[in-house]
Amino acid sequence: MHTLGIETSCDETSAAVVSCRKVLSCETLSSLKQHRQYGGIIPEIASRRHLQVIDKVTQSALEAAGINIAQIDLIAVTTKPGLIGSLLVGKSFAAAVSYSADIPLIPINHIQAHLFAPFLNKTKVKLPFIGLVVSGGHTGLYLVSDFDDIKLISKTKDDAAGEALDKVGRLYGLGYPAGPAIDRLYNPGLVDKTLFTINKQADLSFSFSGIKTKAAYIYRDLAEKKRLNKQKRTAILSSFQYTVINSLINNLTQSLKQLKIKRVVLGGGVAANRLLRESLISLSRKESFELLVTDIKYCQDNAAFIGGLGEYLQQRN
Ligand code: KG4
Ligand code: ZN
């Protein structure tokens with residue numbers, strides 16, 4: 001079976017060919033450069049760019065996989081959540097190809113697909129698990145009994161973790177997106193564990209807007225006094241990242257205890273973060289659970305995990 005995945009929920013236009021979870025090709029073009037000057041994604045720019053390149057990206061994915069459209073058995077497309085104009089481009093394109101080439105079409109939830117990413121190029125899909133999705137748009141814990149039986153455990157009440165890292169990093173001059181830049185400059189020796197604190201919530205929900213505001217006040221104060229040097233900036237951003245990651249780890253630990261599940265899956269753009277990956281590895285040893293972390297190249301939005309999940313769901317039915 002060959003599945004064509006299509007992903008256009010944010011700024012990445014991506015197409016992939018997947019066969020039995022094996023990724024035969026995955027072509028992704030991002031419009032990120034065009035958004036940088038605005039310090040965030042501009043939906044209108046993103047959707048226009050998708051429209052310009054989606055045909056070319058899909059052709060490239062088919063060519064790279066060495067097959068033609070007649071050999072595709074299923075098309076999987078992201079239908080939610082995401083930027084409405086961006087989603088519309090992928091959905092319309094996929095629907096047109098599906099209709100004209102007479103190929104079945106399956107709608108895919110982007111967040112659930114992030115949880116499928118660790119199973120790409122693997123022989124088995126392991127269930128059940130607690131899924132932690134951490135990205136620029138979402139932060140949540142899920143109980144995944146199977147991919148058609150997913151229950152939300154908790155999510156963020158305000159900002160997503162990636163969004164908080166991006167906004168604070170940008171304020172401190174790291175540009176957009178700042179998540180990877182904070183990851184690179186992170187220095188554990190400079191972390192002040194008491195600088196930012198997040199109150200634990202009984203419902204295991206996340207909240208990052210309070211510490212984001214505190215980081216902004218610290219910035220304003222230091223900038224006014226002209227005391228914001230490089231070392232101070234690294235110390236503040238390292239402490240900020242530490243607190244964000246610590247909050248993810250704390251809530252995950254609690255949910256493991258409450259639900260008595262012994263398997264964890266990590267997905268989403270922030271899953272590329274070194275501190276998060278290392279902290280989860282230590283936690284898995286301490287709490288003896290199986291950890292499945294998304295391969296770095298599939299953390300960022302891409303169509304391989306959309307195609308992979310589409311194929312899995314289709315074969316189950
Ligand atoms: O999953 P994704 O590509 O898009 C969404 O669905 O949101 O995630 C993008 C997010 C951005 O906030 C970006 O700053 C963050 O992932 N990110 C990172 C790292 N790489 C990407 N955050 C922290 N450390 C990283 N290494
Ligand atoms: Zn995503």
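Order of listing sets the numbers, starting from 1, for every ligand and every atom in it. Every heavy atom of this structure was used, including side-chain atoms; hydrogens, water molecules and symmetry mates were not.
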Which of the numbered atoms in ligand 1 are below 4.0 angstrom from a heavy atom of [X]?
X: Gly269; result: 1 (O), 2 (P), 8 (O), 16 (O), 17 (N), 18 (C), 19 (C), 20 (N), 21 (C)
X: His114; result: 1 (O), 6 (O)
X: Gly162; result: 12 (O)
X: Ala272; result: 26 (N)
X: Gln300; result: 3 (O)
X: Pro177; result: 14 (O)

Under the 3.5 angstrom rule, does the side chain of His110 hit a backbone N or O of Pro81 as a donor-acceptor pair?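 Judged by distance alone, no pair lies under 3.5 Å.
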Out of Val133, Asn273, Ile182, the nearest non-hydrogen contact to atom 23 (C) of ligand 1 is supplied by Asn273
Could you name the option among Asp166, Ile41, Thr139 that has the heavy atom nearest to atom 11 (C) of ligand 1? Asp166
Check the angle between the aromatic planes of His114 and Phe305 and answer parallel, tilted or perpendicular using the 30° and 60° thresholds.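 Rings of His114 and Phe305: tilted, as their planes differ by 30° to 60°.
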Under 30°, 30 to 60°, or over 60°: which ring-plane class applies to Phe116 and Phe147, parallel, tilted or perpendicular? perpendicular
Provide, to 0.1 Å, the distance between [atom] and the closest protein heavy atom, together with that atom's residue and name.
atom: atom 15 (C) of ligand 1; value: Val270 CG2, 3.8 Å
atom: atom 10 (C) of ligand 1; value: Gly136 N, 3.4 Å
atom: atom 22 (N) of ligand 1; value: Gly179 CA, 3.5 Å
atom: atom 2 (P) of ligand 1; value: Asp301 OD1, 3.4 Å
atom: atom 26 (N) of ligand 1; value: Asp183 OD2, 2.8 Å

Residue-ligand contact [X]/ligand 1, heavy atom below 4.0 Å:
X: His138; answer: no
X: Pro180; answer: yes
X: His110; answer: yes

For atom [atom1] of [X], is the number of surrounding heavy atoms from other residues, nucleotides or ligands below 6.0 Å larger than 12?
X: Lys262; atom1: NZ; value: yes
X: Ile84; atom1: CD1; value: no
X: Asp149; atom1: CG; value: yes
X: Arg263; atom1: CZ; value: yes
X: Lys155; atom1: NZ; value: no

Considering residues at least two apart in sequence or located in another chain, which fulfil the salt bridge (charged side-chain N to carboxylate O under 4.0 Å, His left out) criterion with Asp158?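 Once residues adjacent in sequence are excluded, Asp158 has no partner under the salt bridge (charged side-chain N to carboxylate O under 4.0 Å, His left out) criterion.
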Under a single-linkage rule joining Ile, Leu, Val, Met, Phe, Trp and Tyr whose side-chain heavy atoms are separated by less than 4.5 Å, which residues share a cluster with Ile69?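 Same cluster as Ile69: Leu4, Ile6, Val17, Leu24, Leu51, Ile54, Leu62, Ile67, Ile72, Ile75, Val77, Val89, Phe93, Val97, Ile103, Leu105.
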Sorted by chain and residue number, which protein N/O/S atoms are under 2.8 Å from the Zn ion (ligand 2)?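 Listed by chain and number, the nearby protein N, O or S atoms are His110 NE2, His114 NE2, Asp301 OD1.
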With heavy-atom distances below 4.5 Å as the criterion, would you say the side chains of Ile296 and Arg277 are in contact? yes
Does some side-chain heavy atom of Ser14 sit less than 4.5 Å from a side-chain heavy atom of Cys26?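 Side-chain contact under 4.5 Å: yes.
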Quick check on the hydrophobic clustering: are Leu204 and Leu143 connected, directly or via other members, by side-chain heavy-atom contacts under 4.5 Å? yes
Min N/O separation Gly137 to ligand 1 under 3.5 Å: yes
Result block: side-chain N/O donor-acceptor pairs under 3.5 angstrom for residues 128-141, not counting sequence neighbours:
residue : atom : partner : partner atom : Å
Ser135  : OG   : Gly137  : N            : 3.3
Ser135  : OG   : His138  : N            : 3.1
Ser135  : OG   : His138  : O            : 3.4
Thr139  : OG1  : Ala161  : N            : 2.8

